[in-house]
**Student:** 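Here it is, the structure in full.
Computed from a prediction, not measured in an experiment: that's the story for all the values here. Remember, it's 1-based here, ligands and their atoms both numbered in the order they're listed.
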Amino acid sequence: MASLTELEGRLAGLGLDSPFPDVPAANALTKPIDIYRLHLASLIAATLECDVAAAYEAILTATDLTLADLAVVVPKLKPKDVKDIKEFAIELVQKLPTSPLYAVPYPDGVQLRFFFSQKTLPLLMLPYIRERGTTYGEDHAQGLKDPTNPEGGQKKIVVEFSSPNIPGDFNGSHLRSTIVGGFVAKMYECMGWDVVRMNYLGDWGKDLALFAVGWDKYGSEEALEADPLDYIMDVFGKIKADFQPESDASKQAKNESKSTAEIESQGIFAQRDGFFKKLEDKDEEALAFWKKFRDIILTKLEPAYKRLGVTFDEYSGESQSLQVTMAEIEATLSANGVLQESDGSQIINFEDHGNKGLGTVIVRARTGSSTYFLRDLAAAVDREKKHAFDKMIYVVASKQNSHFQQVFKTLELLGREDLAKKLQHVSFGDITGMAPHVKKTMSLGQILDECAEIMKTAGTEDGKDNEDGGDDAAPSCGGDPAAVGGLLSLDLFGKRSHGYAFDKKRMTAEEGDSCRMLQQEYAKLVSVIAELRGPEGEGEDGGGDDPAPDHAALQKDESIDLLRMMAQYPDVTAATFKTLEPHGLLSYLSRLAEASAVELEEEDDGGDDGGDEDGAGPSSAAPEEETAESRKAKLMLYECVKQVLGHGMNLLGVPPIG
Ligand code: ARG
């Protein structure tokens with residue numbers, strides 16, 4: 001349904017022949033609730049002779065569907081000469097004309113509550129969702145450079161996420177960044193943006209250099225070949241232990257505000273910094289070492305990302321920051337009087353620039369090498385040149401909050417407010433403990449193995465194959481459905497800012513906000529739909545003698561509730577896009593899945609041979625007679641539920657079980 005005129009034509013068929021009022025904030029073509037809101041706003045505006053846009057703003061979507069679908073907040077209508085607003089609300093009920101879209105409203109304090117008419121709801125909603133297909137819930141106009149002109153092209157966003165270090169374990173922050181980042185990228189795609197997924201590897205700097213010192217001391221090619229990732233962690237672990245006393249001594253000196261120059265000019269410190277300097281000076285041997293280990297780790301990481309259902313368009317990394325860009329940045333900072341020397345390093349003291357809370361940061365180390373901070377500044381500048389993005393999001397743990405504030409502030413000090421304004425740090429709390437009985441350093445593959453193990457012991461089959469062909473609306477993410485479902489139940493449970501510990505109970509829960517439950521309900525819908533379609537897929541569209549759906553078959557509370565919930569879906573995705581908080585979407589999908597379970601159970605009780613649930617369901621009344629037409633209406637309903645559930649699962653990164 002491409003235009004409002006067509007939609008108006010459809011509504012005329014339901015007995016509504018007034019055109020949509022012009023309210024710029026509304027979008028009836030992507031949000032069905034706006035059809036209802038706009039229509040109601042027209043009625044109110046005509047009755048009270050008030051502004052239709054103001055009336056539209058006074059209508060809210062209900063959060064509790066047991067109370068209503070929409071609520072008009074009467075004081076927001078600013079009625080004139082009204083003494084008692086509650087009285088007025090009661091009068092308004094009498095004055096408002098009846099409508100085919102609504103049941104008669106009821107006043108509740110200062111609100112008027114409206115339920116959608118059960119009769120017209122399926123007639124409106126089923127075609128609306130089906131016509132939009134897998135784009136239902138999406139709003140592509142949001143991502144247009146000019147929303148009024150689709151020819152003007154899409155806005156571009158770079159989403160940087162995952163970004164583990166080389167070498168280094170795949171820690172909780174990298175894990176959450178991968179999950180949340182994948183979700184953020186999908187949300188932007190859903191809203192029509194052109195998305196570049198970028199993995200910014202920590203493949204340059206002190207850790208890599210320390211590892212090189214360790215490799216010199218302990219490295220064995222044979223052992224590396226036998227088990228590369230484990231062995232790299234092993235060697236890295238050993239040299240980190242060797243280095244600990246020196247690192248502690250330097251920290252202590254810093255805490256006591258003493259110079260660290262002497263400590264850092266000898267021992268492993270000096271070896272590490274020497275190697276890093278060689279790297280920055282493009283020494284061939286050092287570069288070959290860097291490339292060798294970067295490649296080994298990347299080849300191991302990629303299959304693990306695939307299991308999680310995450311892909312990247314670009315593996316960039318700290319090694320890619322251009323020396324020229326860094327030099328230009330430093331020159332401008334110097335010229336602007338922002339850089340100063342401190343104990344041999346070049347630093348910025350943010351206190352001098354009105355940002356007391358941001359402290360100081362080292363831009364270039366005493367050894368002459370670049371820092372994480374400087375590389376991030378250069379990366380932002382270089383990426384903007386390369387991608388000409390409209391926005392860039394860094395999905396990184398909240399413990400780096402001040403790092404990003406410093407980066408953004410420094411870009412301003414560089415005279416690049418324009419760039420700083422395009423950048424956003426999307427943060428999250430830490431995982432407070434990975435699975436405790438596993439050794440501390442883990443690769444992503446090991447983490448997923450561990451999750452798979454937990455799910456298996458909880459008796460969940462792992463239903464590996466989700467490439468079931470045929471099912472074109474199926475979420476396409478993840479090659480390890482049980483493990484990923486369990487992991488996401490943990491990760492998406494609360495607000496991003498809340499950390500969490502590995503909690504097996506929550507991973508394996510099959511109720512509440514649970515990805516496992518979504519997967520199970522989705523699988524149930526797939527099989528019920530296949531059954532309803534029959535062996536030849538007779539219920540599928542396009543068949544010659546397709547029966548017309550009998551919408552009367554959907555006039556029961558369970559089916560109506562599903563339709564009411566699905567009507568809200570585009571509003572849920574829009575709200576999720578605003579906050580980039582996945583948990584609200586997970587809760588919504590869980591409620592939809594629960595409602596779907598109730599509907600299917602009820603069907604099961606009334607239907608033929610029944611599935612795994614037996615026992616007395618709530619409706620032991622004689623089942624209504626099934627006809628091809630009523631079956632068709634149910635099939636259409638279930639297909640819509642499956643589609644909405646699948647769409648949301650895909651946004652969250654929850655793969656279906658086979
Ligand atoms: N590799 C870094 C770490 O493990 C995260 C990188 C975050 N991104 C950035 N642009 N600084 O801490």
**Student:** Applying a heavy-atom cut-off of 4.0 Å, say which part of W204 lies close to ligand 1: side chain, backbone, both or neither.
**Tutor:** neither
**Student:** Relative to F373, does R364 satisfy both conditions: NZ or CZ under 6.0 angstrom from the six-membered ring centre, and within 45 degrees of the ring's axis?
**Tutor:** no
**Student:** Could you point out which residue of L492, L488, V654 forms a side-chain contact (heavy atoms from CB on, under 4.5 Å) with L586?
**Tutor:** L492
**Student:** Suppose we measure from atom 4 (O) of ligand 1 to each protein heavy atom; which comes out shortest, and what is that distance?
**Tutor:** H174 NE2, 2.7 Å
**Student:** Return the residue, atom name and 0.1 Å-rounded distance of the protein heavy atom closest to atom 12 (O) of ligand 1.
**Tutor:** Q400 NE2, 2.9 Å
**Student:** Please check if any side-chain donor atom of E581 sits under 3.5 Å from a side-chain acceptor atom of T576, or the reverse.
**Tutor:** no
**Student:** Do the ring centers of F289 and F275 come within less than 6.0 Å of each other?
**Tutor:** yes
**Student:** Among protein heavy atoms, which sits nearest to atom 8 (N) of ligand 1, and what does the distance come to when rounded to 0.1 Å?
**Tutor:** E160 OE2, 2.8 Å
**Student:** Below 3.5 angstrom, do we get any N/O pair linking N165 and ligand 1?
**Tutor:** yes
**Student:** Any salt bridge linking D390 with K145? Criterion: basic side-chain nitrogen under 4.0 Å from a carboxylate oxygen.
**Tutor:** yes
**Student:** When the ring planes of Y394 and F408 are compared, do they come out parallel, tilted or perpendicular, using 30° and 60° as the limits?
**Tutor:** tilted
**Student:** With heavy atoms of Y394 as the reference, note each atom of ligand 1 found under 4.0 Å away.
**Tutor:** 10 (N)
**Student:** Got the closest protein heavy atom to atom 9 (C) of ligand 1, with its distance?
**Tutor:** D376 OD2, 3.4 Å
**Student:** Write out the residue and atom name of the closest protein heavy atom to atom 6 (C) of ligand 1, then the distance separating them to 0.1 Å.
**Tutor:** Y372 OH, 3.4 Å
